[in-house]
There are 2 protein chains.
Amino acid sequence: MGIEEPYKDKKVITIGVVRELTGLSDRQIRYYEERKLIFPVRSKGGSRKYSFSDIEQLMLIADKIEDGVQTHEIRQELAREIKHHKADVRSMIQGQLNAQFGTRRP
Amino acid sequence: MGIEEPYKDKKVITIGVVRELTGLSDRQIRYYEERKLIFPVRSKGGSRKYSFSDIEQLMLIADKIEDGVQTHEIRQELAREIKHHKADVRSMIQGQLNAQFGTRRP
DNA sequence: CGTGTAAGGAATTCTGACACG
DNA sequence: CGTGTAAGGAATTCTGACACG
């Protein structure tokens, strides 16, 4: 499990390109940010910059919205995913430690 | 040898971000395009869009310029690289064909 | 709740040209 | 040759608000 796709998470894409790539309106894209579903960074001048991950995330969000899921529900799902992801990272690190030093057994 | 880094070649980055990421001026970036060293695509409105590959390419170009290499020389080097790359692809495909069907031997 | 829209302003980018060397 | 710059215009993005439902 190595480091891959170094570009996927770099926030370098303007909202216009995101609009084209996702098919969403800027209004929608900005609204999902307002509802804490997506977190672009800002350029010096104040314009939003998104990553490819953000674009994928937006397409997932759009699917759920279409299915009638409300933004606050989506936000909760996201929180759960992050929690699980953190747990995964924790257990992976634990696994590496065990592999290196053996399982602790007093 | 599979398909990797699906984002590396997507032309989605505006010149302002390229300027920040490379440290070059827009003048320089546009000039290298004029000299056929880099090939951004255009948005509907006419603004340039670059890929991460383009950014890496620009940094290589900048290094060579600093070393006193002229743009037309760099362009020739690029042409050679493309030629070699095409030869590599050709021999790789040939290798796959041989692996699949055996070397032709009448 | 989620989205469209008109409004006004600010930041971004574009081209062609002049300058220096 | 490679790059800076001032000029004027066009495309892009921003925010806050009103509207509908």
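Chain identifiers are assigned alphabetically (A, B, ...) following the order of the sequence lines, protein sequences preceding nucleic acid strands; residue numbering begins at 1 within each chain. The figures here come from the full heavy-atom set of this structure, side chains too, leaving out hydrogens, waters and symmetry mates.
- Nucleotide D:dT13 holds its C1' atom 10 Å from the CZ atom of A:Arg42, rounded to whole Å.
- Not less than 6.0 angstrom separates the ring centroid of A:Tyr7 from the ring centroid of B:Tyr7.
- Listed for the B:Thr22 side chain is a donor-acceptor partner under 3.5 Å among the backbone atoms of B:Val18.
- Nearest heavy atoms, B:Lys8 versus B:Ser51: O-CB, 3.4 Å.
- Pairing of D:dA10, defined by two Watson-Crick or G-U wobble distances under 3.5 Å, is identified with C:dT12.
- In this structure, the NZ atom of A:Lys49 is 10 Å from the C1' atom of D:dT13, given to the nearest Å.
- Remark: the backbone N or O of A:Arg35 is not paired with any side-chain donor or acceptor of A:Thr71 at under 3.5 angstrom.
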(message) For nucleotides 4-12 of chain D, give me one character per nucleotide, 5' to 3': B if any protein heavy atom sits under 4.0 Å from the base, S if the only such contacts are to the sugar-phosphate, - if neither.
(response) BB-----SS

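- Here the C1' atom of nucleotide D:dT3 and the CD atom of B:Glu33 are 16 Å apart, to the nearest Å.
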(request) Please lay out, stage by stage, how B:Glu77 and B:Lys64 fare under the test salt bridge (charged side-chain N to carboxylate O under 4.0 Å, His left out). (result) CA-CA 11 Å; B:Glu77 291 177 27; B:Lys64 292 181 182 176; 2.6 Å; yes

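- For A:Arg35, whose side chain is taken as the heavy atoms from C-beta onward, the closest listed nucleotide among C:dC14, C:dG2, D:dC14 is C:dG2.
- When distances are taken from the side chain of B:Tyr31 to each of D:dT15, D:dT3, C:dC14, the shortest belongs to D:dT3.
- Taking a pair to require two hydrogen-bonding distances under 3.5 Å in either a Watson-Crick or a G-U wobble arrangement, C:dC20 pairs with D:dG2.
- The distance between atom CD1 of B:Ile29 and atom P of D:dG2, rounded to the nearest whole Å, is 16 Å.
- The residue from A:Glu73, A:Gln57, A:Lys36 that alone fulfils the side-chain contact (heavy atoms from CB on, under 4.5 Å) condition with A:Leu78 is A:Gln57.
- Mapping A:Tyr50 and B:Val69 onto DNA chain D by nearest heavy atom places B:Val69 at the nucleotide closer to the 5' end.
- With no hydrogens or angles considered, a side-chain donor-acceptor pair links B:Asp9 and B:Ser53 at under 3.5 Å.
- Residue B:Arg30 is classed as a base contact, given a heavy-atom separation below 4.0 Å to a base.
- Within the structure, a side-chain polar atom (N or O) of B:Tyr32 is placed less than 4.0 Å from OP1 or OP2 of D:dT3.
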